[in-house]
Amino acid sequence: MFDTKLIRENPQEFDTALCRRPGQSPIADAINTLDARRREAQTRAQKIQTERNAFAKQIGAAKSRGEDISDIVAEVSKSKKKQARLENEVVNATQKMRDFLSSLPNLPLADVPEGHGEGDNVELRKWGEPRHFDFEPRDHVSLGENLRMMDFETAAKLSGSRFVMLTGGLANLERALANFMLNVHTRENGYTEVNPPALVNDDTMFGTGQLPKFGDDLFKANTGHWLIPTAEVPLTNILAGHLVEADTLPRRYTAMTWCFRSEAGAAGKDTRGMIRQHQFTKVELVSVTTEEQSLSELERMTSCAENILERLELPYRTIVLCTGDMGFGARKTYDIEVWLPGQSAYREISSCSVCGDFQARRMNARYRPDKSGKHTRFVHTLNGSGLAVGRTLIAILENFQEADGSIIIPKVLRQYMGDIEVLKP
RNA sequence: GGAGGAGUGGCAGAGUGGUCGAAUGCGGCGGUCUUGAAAACCGUUGUACCGAGAGGUACCGGGGGUUCGAAUCCCUCCUCCUCCGCCA
C-alpha cells in the first residue's frame, strides 16, 4: 500500500516506477482525483462537526445554569441529516481509496532489471561446481521410490495429487534438515525461533498482501481461517498494529512451518515429484528493520540462506528477479537456485525480498526513529526462505546419489540422523 | 459447551452522560543538584487525519444505536481471565 501524499506530490515518478512492472498503466491521476474528493468531503464534514460541538457545549453550559435550552436543541437537530450524508461520503471515499490502493503492487527499486518474465532475470553469482557423474544421474522420484521412502501413491490415496508421504530415512532427513537450518539461524545468525499459528484471519493475510487479490492461491478453512502459504504471513504480522522504539530493531524471526498452496494457476506444471506440492515444509526468515537498514538486511538475509547451501555442499546460483517476475509486495528479490542433476537445471530453493514499508502500511506497524522525536515511521519488512526444506531434500537426493541408488548424507546432517553416513535401498 | 468477570495512553491503573484526549504511578525526554553517577526535586511526554496557517476533527477492544452531547447508556461481534464440564 502506498502513501497518498507521495503520489500527490510525485505523480510522474510514481507512474514511471509502477509501469516498470509489465501490465501496469499510469494510475496517479485517478488516485489523486479520488483523493481530492475524499479530502474535500472530510473538510466539509469536519466543519459541521465543529459547529455542532460548539452548540453541544453551549447547551451543557446553559443547562448547568438552569436556563431553557429548547431553542438551541431545535437548531442543532436540523444539521444532523446533512452531516450524516457528508460523513457517509467520507467513509465511502476512504474505502474506495483503500480498495484501489490495496490492489496495486509495490514499486520496484531502481536497480531492479526491467523485464517480462523468468528469461529477463539476471544471474549475480554462482557457488560450487555441479558434480560430474560417471553414470546417468536419476531424479529424486526415482531415487526416493527406489529407497522405498517416498510414496506418491499412498499420498494420492489419502489426499489426491500434489501430495507426498515420506517414510523412514527420508522422513528423518527432512526433519534433520529443518533442525539444522533452525539451529544455524538461531544460534549463529541472530534469529528468534517462532512456532506460529498456521491458520490466520483475513487481516493477517491482508497485511502481507495475499489478500484481497490472491485468495485463489490459498486454502480456506470452514471457520473462515486461511492456511498460511508461508510463515512470512504470521511472522511479519507479529508487529501489526504496534509502535516500537527504533533501538528494538531489527527484529529477526525464523520459523519452520508447513506451507499450504492451492497451486490454482499451476495446472500441468511440475506434476512429477515433490517440486510443487500443496503442502510442504519451509524454514522462513523474516526481518523487521528501519528504513536505513533494510537494504543491507536484504544482503545479510540472502547470505544466511546461501550459507545453508554451502554447508550442505550443494551448488547454487543467485539471481536478481526482473520487474516482471517479482512478487506483489516486493521492491527487490533475490532468488537462490540449487543445482538439480536429475533435471540438469538450477531450480528455486529460496527467495529473499525487501518490501520497504509496503506491508507495514497495510498492517500499521511503525517505529519511533528517535526517542525525543514526535515523528513515527513505518517499519521496513523483509522475508526469505532459509530454505525450502522439501526442495533441499530433493537436491540432496539428486546431488549425493551413488550408482547403486544409495544416498550419502551430508556431513553436517549426520548428527541429526543417528550418525549414519548413507541411506541404502 | 455452561456460569461469571474484564478490555482505557509505551506499560500499570482511575474515571458511570457535558469543562475528559482522559487523574495518578511507572517508563521516556529535558533540566536543577553533583567531579561524575545514583537518589531527590522541577518541567515535559499519545496517535492519525484535514487545513497555507490559525486552528480543527477523530480515536478509551471492533462495528452499530440512543442523545443536542457517549470512555460512561443500549445492541452486536471479537479477545482475555476465573470456575464447572469435556478433551490432545
Side-chain angles (χ1 to χ4, degrees), chain A residues 1-9 31-102 195-207 211 221-226 234 237-249 251 258 288 290 357 360-379:
Chain A
M1 199 118 84
F2 297 111
D3 182 7
T4 51
K5 213 179 283 172
L6 187 125
I7 302 177
R8 203 186 309 156
E9 283 160 13
I31 293 172
N32 286 336
T33 306
L34 216 57
D35 189 38
R37 212 175 301 157
R38 190 199 100 240
R39 281 152 54 216
E40 204 214 305
Q42 182 174 345
T43 307
R44 282 195 293 163
Q46 283 185 1
K47 236 179 211 160
I48 293 183
Q49 185 64 52
T50 309
E51 288 167 21
R52 294 191 55 212
N53 285 349
F55 276 125
K57 247 176 198 168
Q58 279 179 37
I59 291 170
K63 219 176 171 185
S64 69
R65 289 192 301 263
E67 295 170 8
D68 178 48
I69 53 167
S70 50
D71 282 0
I72 319 180
V73 170
E75 195 173 337
V76 182
S77 303
K78 278 190 281 184
S79 72
K80 250 196 152 173
K81 256 202 183 130
K82 190 176 170 193
Q83 194 196 356
R85 210 197 66 231
L86 275 171
E87 265 178 5
N88 209 18
E89 225 170 277
V90 175
V91 170
N92 286 341
T94 305
Q95 188 55 46
K96 216 169 168 184
M97 276 286 281
R98 188 174 166 80
D99 290 349
F100 201 81
L101 287 174
S102 64
N195 193 341
L199 290 166
V200 301
N201 59 29
D202 289 0
D203 288 345
T204 302
M205 282 295 183
F206 180 86
L211 292 180
N222 62 7
T223 51
H225 292 102
W226 303 88
N237 276 283
I238 287 174
L239 285 184
H242 281 275
L243 171 58
V244 301
E245 299 299 333
D247 58 20
T248 68
L249 301 175
R251 311 241 180 139
W258 275 324
V288 181
T290 62
D357 64 7
R361 283 179 187 281
R362 298 172 83 96
M363 60 190 200
N364 191 29
R366 294 164 300 155
Y367 70 102
R368 221 184 280 282
D370 78 293
K371 278 200 170 128
S372 53
K374 293 215 165 200
H375 299 290
T376 65
R377 284 195 203 154
F378 289 100
V379 297

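Numbered from 1 within each chain, the chains take letters A, B, ... in sequence-line order. Values below: all heavy atoms of this structure, side chains included; hydrogens, waters and symmetry mates excluded. Source: prediction; values computed, not measured.
Using P as the reference atom, B:G25 and B:G62 are 27 Å apart when rounded to the nearest Å. If you take atom P in B:U76 and the same atom in B:A3, they sit 14 Å apart, rounded to whole Å. With P as the reference atom, B:G65 and B:G7 are 24 Å apart, rounded to whole Å. Taking atom C1' on both B:U35 and B:G30, the two are 22 Å apart, rounded to the nearest angstrom. Taking atom C1' in both B:U47 and B:U66, one finds a spacing of 29 Å when rounded to whole Å. For the C1' atom pair drawn from B:G13 and B:C60, the interatomic distance equals 13 Å after rounding to whole Å. The separation of B:G1 from B:G51, taken at their P atoms, amounts to 48 Å, rounded to a whole angstrom. Spacing of P atoms, B:G17 relative to B:A70, comes out at 14 Å, to the nearest Å.
In this structure, OG1 in A:Thr204 is found 11.0 Å from CD1 in A:Ile238, a value given to the nearest 0.5 Å. Considering CG of A:Asn364 and NE2 of A:His242, their distance stands at 10.5 Å, rounded to 0.5 Å. Considering CZ of A:Arg377 and CG of A:Asp357, their distance stands at 10.5 Å, rounded to 0.5 Å. Within the model, atoms CD1 of A:Ile31 and CZ of A:Arg38 stand 12.0 Å from one another, a figure rounded to the nearest 0.5 Å.
Judged by distance alone, the side chains of A:Asn53 and A:Thr50 never bring a donor and an acceptor atom under 3.5 Å apart.
In this structure, A:Phe378 and A:Tyr367 approach most closely via the heavy-atom pair O-CE2, 3.3 Å. Looking at every heavy atom in both residues, A:Leu211 comes nearest to A:Asp202 through CD1-O, 3.8 Å. Among all heavy-atom pairs drawn from A:Leu249 and A:Arg251, the shortest one is CD2-CG, 3.8 Å. The minimum heavy-atom distance between A:Ile7 and A:Asn32, with the atom names listed, is O-ND2, 3.4 Å. Among all heavy-atom pairs drawn from A:Val90 and A:Ala45, the shortest one is CG2-CB, 4.3 Å. Among all heavy-atom pairs drawn from A:Ala41 and A:Glu89, the shortest one is CB-OE2, 3.7 Å.
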Distances under 3.5 Å between nitrogen or oxygen atoms of protein and nucleotides 70-73 of chain B:
none

Restricting both atoms to N or O, compile the protein contacts to nucleotides 8-10 of chain B shorter than 3.5 Å, with distance only.
none

Under 3.5 Å between N/O atoms: give me all the protein pairs with nucleotides 15-17 of chain B, atom names plus distance.
none

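A straight line from CZ of A:Arg366 to P of B:U47 spans 8 Å, rounded to a whole angstrom. Atoms CG (A:Asn201) and P (B:G61) sit 19 Å apart, rounded to a whole Å. Distance, A:Asp247 CG to B:G27 P: 17 Å, rounded to whole Å. Rounded to whole angstrom, the span from the CZ atom of A:Arg38 across to the P atom of B:U57 amounts to 18 Å. What separates CG of A:Asp202 from C1' of B:G62 is a distance of 14 Å, to the nearest Å. Going from atom CZ of A:Arg37 over to atom P of B:C50 covers 17 Å, rounded to whole Å. One interatomic measurement links the two molecules: CG of A:Asn364 to C1' of B:G61, which rounds to 15 Å at whole-angstrom precision.
Here the side chains of A:Thr43 and A:Gln46 are not in contact, with every heavy-atom distance at 4.5 Å or above. Within the 4.5 Å cutoff, side-chain heavy atoms of A:Phe55 are placed close to those of A:Gln58.
Judged by distance alone, with hydrogens and angles left aside, the side-chain atoms of A:Arg362 form a donor-acceptor pair with the main-chain N or O of A:Phe206 at under 3.5 Å.
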Return one dot-bracket line describing RNA chain B 5' to 3' (Watson-Crick or G-U wobble pairs, both distances under 3.5 Å; ( ) same strand, [ ] crossing, | another strand, . none). ((((((((.[[[..)..(.....]]]((((((.......))))))(((((....))))).[[[[[..)....]]]]])))))))....
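Under the 4.0 Å criterion applied to side-chain N and carboxylate O atoms, A:Glu51 and A:Lys47 are not assigned as salt-bridge partners. The residues A:Asp99 and A:Lys96 are annotated as not salt-bridged, no charged nitrogen and carboxylate oxygen being separated by less than 4.0 angstrom.
Contact check, A:Arg39 against B:G51: a side-chain N or O comes under 4.0 Å of OP1 or OP2.
A:Arg98 meets the side-chain hydrogen bond (donor to acceptor under 3.5 Å, both in side chains) test with no other residue; sequence neighbours excluded.
Projected onto RNA chain B by closest heavy-atom contact, A:His242 and A:Asp3 fall at different nucleotides, the more 5' of which corresponds to A:His242.
Within a heavy-atom distance below 4.0 Å of RNA chain B, the residues of residues 44-57 of chain A found are A:Gln46, A:Gln49, A:Thr50, A:Arg52, A:Asn53, A:Ala56.
A:Arg361 comes within 4.0 angstrom of no nucleic acid atom, judged by non-hydrogen atoms across all strands.
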